[in-house]
Amino acid sequence: MALYEEQTIKIYNSLSNKKETFKPILKGAIGMYVCGPTVYSNVHLGNVRTFMSFDLIFRYFKHLGYKVRYVRNITDAGHLENDADEGEDRIAKKARLESLEPMEVVQEYTVDFHRVLEQFNLLPPSIEPTATGHIIEQIEIIKKILDQGLAYEVNGSVYFDVIAYNKTQHYGILSRRNIEDAIHNTRALDGQSEKRNPQDFALWKKAQPVHIMRWPSPWSEGFPGWHLECTAMSTKYLGEQFDIHGGGMDLKFPHHECEIAQAQAANHKNPVNYWMHGNMLLLNGKKMAKSTGNSILPEEIITGNNTILSKAFPATVARFFMLQAHYRSILDFSNDALLAAEKGYLRLMNSLPVLEEIKASSTSSFDIKPWIQSCYDAMNDDFNSPVLIAQLFEGVKYINQLKEGNAHLTKTDLSEFKRIMHAFIFDVLGLEHVNTQQDGGKLVKVVEMLIEMRNQAREDKNWALSDQIRDELKKVGIQLKDGKEGTTFSL
RNA sequence: GGCGUCGUGGCCGAGUGGCUAGGCUGGGCUCUGCAAAAGCUCCUACAGCGGUUCGAAUCCGCUCGACGCCUCCA
C-alpha cells in the first residue's frame, strides 16, 4: 500500500477559503502548476519563498508516493511594464535599456534563477515551459475565445471581454470581487485605451514598429498577453482540468482570476480544483518587491554582503527560517529571526550524528508510532511545516534521552526512528548539512587525534593544555562535547 | 474609497471553543576539574471594548493598528 493511501491531506483552497480534503483527479497522480518568474531581473528572497513553499508541497507529495507532474513556467515575453495593457513588455524594456537581445536578458536571469533555487535546494519541476515556446498554443486559445464571442479585436490587438464573460460566468470568483463594483470604482481616465472596459485584459498585443519581440498571428505581428501563457501551458501539460494551481498571493488578482476566465471561455471547464497561494515575505514591515527596492537578494544573504544582516548565512539556514513559518502566513525577515533560526537549525542537525551512535536495546521504553504519525499529521494539515519542525524537535529530545540512557528502543524501532527523522529533515523539508566533507574525512581524523591528546592531558590534570585544545578548536568552529561515553564534536 | 488578511509571552512563530506547539533569549538545578554540550525546570501570552457561551486567544460586533490586493509584482 502506498503511503498516500494511509494519509489524508487537507489543503486550504483559495477558491472556497476553506481547508478541504485533498482528492486528486487520478488516483495516485497529481498535476500541479505554479506561476514562475518573469526573467527580467534577479529573483529576490521573496520570490524564493513562494517557490520554496511549493517545493515543500512537491516534496511531501513525492514522499507519500504520489506521481507528481509539477509544471512551473518561465515568463520570457508578454509581461507588460504597467497597467492598462499599454506598457512595454518587461523583457523588451530591459533589453532596450541594456542594449541586449531580449533573449540575452532571458538567458541571463533564467540561469540566475536556476542557480539560486539550486542553492536553496529546490527540486527542479517536471516541466519548465516558456511563454515564447508556446506562442502557437496561445494563439489557438485566443481563437477559441473569439469564437465564443468573449473577446474582440481592435487594431490588431485582441482583448478579453470581461463584461460579456460575466453575463454567464462569475469574473471575480477567486478574489471574491464583483465586476459591477469594480467598474464603479474605477477612476480610469484612459482616453487612449483600445479596450471597451478597463477590466478587459489583453490576449494579444500588436507590436509597435520598434518592438523587437514579435510573432505572426491572424491579427497582427505582436506578442501574447501575460495571463494567457499560464492557461496555454497548464492546459497543454496538465489538461483542461487539473489538481493544483499555485502562486504568490499577489497573483490572485488579476492574474489567476484571468486564467480562470480564459480557461472557462476556451474549454468550458473550471480549470483548477485547488488554488493555493503563498504569502508574502516582508522586509522592514513591507512587502519585498523589486519595484520598490525593498528587497534582499539571495546572494547577499549567503555572502553577508548586505546592510540588513550582521553576518552571512548559509542558504539552508534561510530555508529553515522560512519553513518555520506556515506558507500562508506573512513572514517578517530580520537579522534576529535569522540568528535564532540558525541556532535551532544547528541543534536539529547536530542531533543526527548522535542518533547514529545510539545502540539498540531488546525492548522499547516508549512507542515511537504516535510520534511518527504526528509528523505526518502536521504535513497533512495544509503542509504545516512549523508544526512538523516542532515535532522534529520532540525527536531531538528523544535522541538525547536515548543517548543519556533514559530511554531505549529496539533495533526495529530505532531504525524506523532514524528513517523518519531523515525522511522529514532531508526529503520533505529539503534541509542540508552545511559542512559537507570534501576532504575525505581527514579533518575528522585530525580532530579525533586532538581529542586523544586532550584526554591524555586531562588524565594528567594538565588543565591548561586540555582547555587550550578545547578553546582553540572552538575558535575555528569545532565544538567538543564531553559526555559519559567520551568526547564527541560538531563542526 | 472597495475587497481581504492579520494583530499571540523579551524576540521569531504554531494553534483547537475548555486539557497552556516549537525555536531563540534569560533564570535555576543536574552532569563536569572548570566549561561547553546535553538533560530537567522556571518566566503561563493571546491589540482594546462589548456580546454569544457553563466556559473564548479561538465564534459575533465595534474601535484602534499593521499589511496585502484593487496598477507590474512570488
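Quick note on labels: first sequence line is chain A, next is B, and so on, each numbered from 1. Everything numeric in this text was worked out from a predicted model, so none of it was measured.
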Aromatic plane relationship, A/Phe321 with A/Phe333 - under 30° parallel, 30 to 60° tilted, over 60° perpendicular: perpendicular
Touch class at under 4.0 angstrom, heavy-atom based, for A/Gly172 against every strand present: nothing
Nearest to side-chain heavy atoms of A/Lys474, which nucleotide of B/G23, B/G13, B/A36: B/A36
A/Trp463-B/G33 aromatic stacking (under 5.5 Å, under 30°): yes
Whichever of A/Gln479 and A/Arg176 has its nearest RNA chain B nucleotide further upstream toward 5': A/Arg176
Value in whole Å for how far the C1' atom of B/G68 lies from CG of A/Leu251: 13 Å
Rounded distance in Å - CZ (A/Phe393) to P (B/A14): 15 Å
Sugar-phosphate only, base, or nothing, as touched by A/Gly46 at under 4.0 Å among non-hydrogen atoms: base
Sugar-phosphate only, base, or nothing, as touched by A/Lys461 at under 4.0 Å among non-hydrogen atoms: nothing
Sugar-phosphate only, base, or nothing, as touched by A/Leu281 at under 4.0 Å among non-hydrogen atoms: base
Test: A/Asp471 and A/Lys475 ion pair at under 4.0 Å: no
Separation of B/G15 C1' from A/Gln391 CD (nearest whole Å): 13 Å
Whole-Å gap separating C1' (B/C11) and CD (A/Glu342): 16 Å
A/Lys397 charged N/C atom sitting above A/Phe393 aromatic ring, 6.0 Å / 45°: no
Touch class at under 4.0 angstrom, heavy-atom based, for A/Arg49 against every strand present: nothing
Sugar-phosphate only, base, or nothing, as touched by A/Leu331 at under 4.0 Å among non-hydrogen atoms: sugar-phosphate
Touch class at under 4.0 angstrom, heavy-atom based, for A/Gln401 against every strand present: sugar-phosphate
Touch class at under 4.0 angstrom, heavy-atom based, for A/Ser466 against every strand present: base
From B/G39, B/A74, B/U25, nucleotide with atom closest to A/Asn400 side chain: B/G39
A/Met288, nearest nucleotide to its side chain (from B/C24, B/A74, B/G33): B/A74
A/Arg177 side-chain proximity, nearest of B/A14, B/A74, B/C69: B/C69
base_contact_polar (B/A35 base, A/Arg470 side chain, donor-acceptor, <3.5 Å): yes
RNA chain B base-pair string [pairs: Watson-Crick or G-U under 3.5 Å; |: paired with another strand]: (((((((..(((.....[...))).(((((.......)))))....(((((..]....))))))))))))....
Stepwise salt bridge (Lys or Arg N to Asp or Glu O under 4.0 Å) test for A/Glu342 and A/Lys311: CA-CA 11 Å; A/Glu342 183 170 51; A/Lys311 65 185 275 295; 2.9 Å; yes
Nearest-angstrom distance from the residue atom CD of A/Gln468 to C1' of B/G33: 17 Å
Touch class at under 4.0 angstrom, heavy-atom based, for A/His255 against every strand present: nothing
Sugar-phosphate, base or nothing in reach of A/Asn17, heavy atoms under 4.0 Å: nothing
A/Lys369: salt bridge (charged side-chain N to carboxylate O under 4.0 Å, His left out) partners, not counting sequence neighbours: none
Any residue meeting salt bridge (charged side-chain N to carboxylate O under 4.0 Å, His left out) with A/Asp482, in chain and number order, not counting sequence neighbours: A/Arg454, A/Arg458
Out of B/C11, B/C34, B/A36, whichever nucleotide has its closest atom nearest the side chain of A/Asp336: B/C11
ring-ring contact (aromatic ring centres under 6.0 Å, His included) evaluation trace for A/Phe383 with A/Phe61: CA-CA 10 Å; A/Phe383 311 99; A/Phe61 282 144; 5.6 Å; yes
Candidate nucleotides B/A38, B/G22, B/U32, ranked by approach to the side chain of A/Lys403 - the nearest: B/A38
Nearest-nucleotide pick for A/Glu404, side chain only, options being B/U32, B/A14, B/A38: B/A38
Near-ring test A/Tyr12/A/His326, centroid separation under 6.0 angstrom: no
Sugar-phosphate, base or nothing in reach of A/Asp332, heavy atoms under 4.0 Å: sugar-phosphate
Nucleotide B/A74, atom C1' - distance to NE2 of A/His245 in whole Å: 12 Å
Side chain of A/Glu394 - closest among B/G68, B/G13, B/G22: B/G22
Touch class at under 4.0 angstrom, heavy-atom based, for A/Lys343 against every strand present: sugar-phosphate
Heavy atoms of other groups near A/Lys418 NZ, more than 12 under 6.0 Å: yes
Sugar-phosphate only, base, or nothing, as touched by A/Met249 at under 4.0 Å among non-hydrogen atoms: nothing
Check: A/Asp482 side chain, B/G33 base, donor-acceptor under 3.5 Å: no
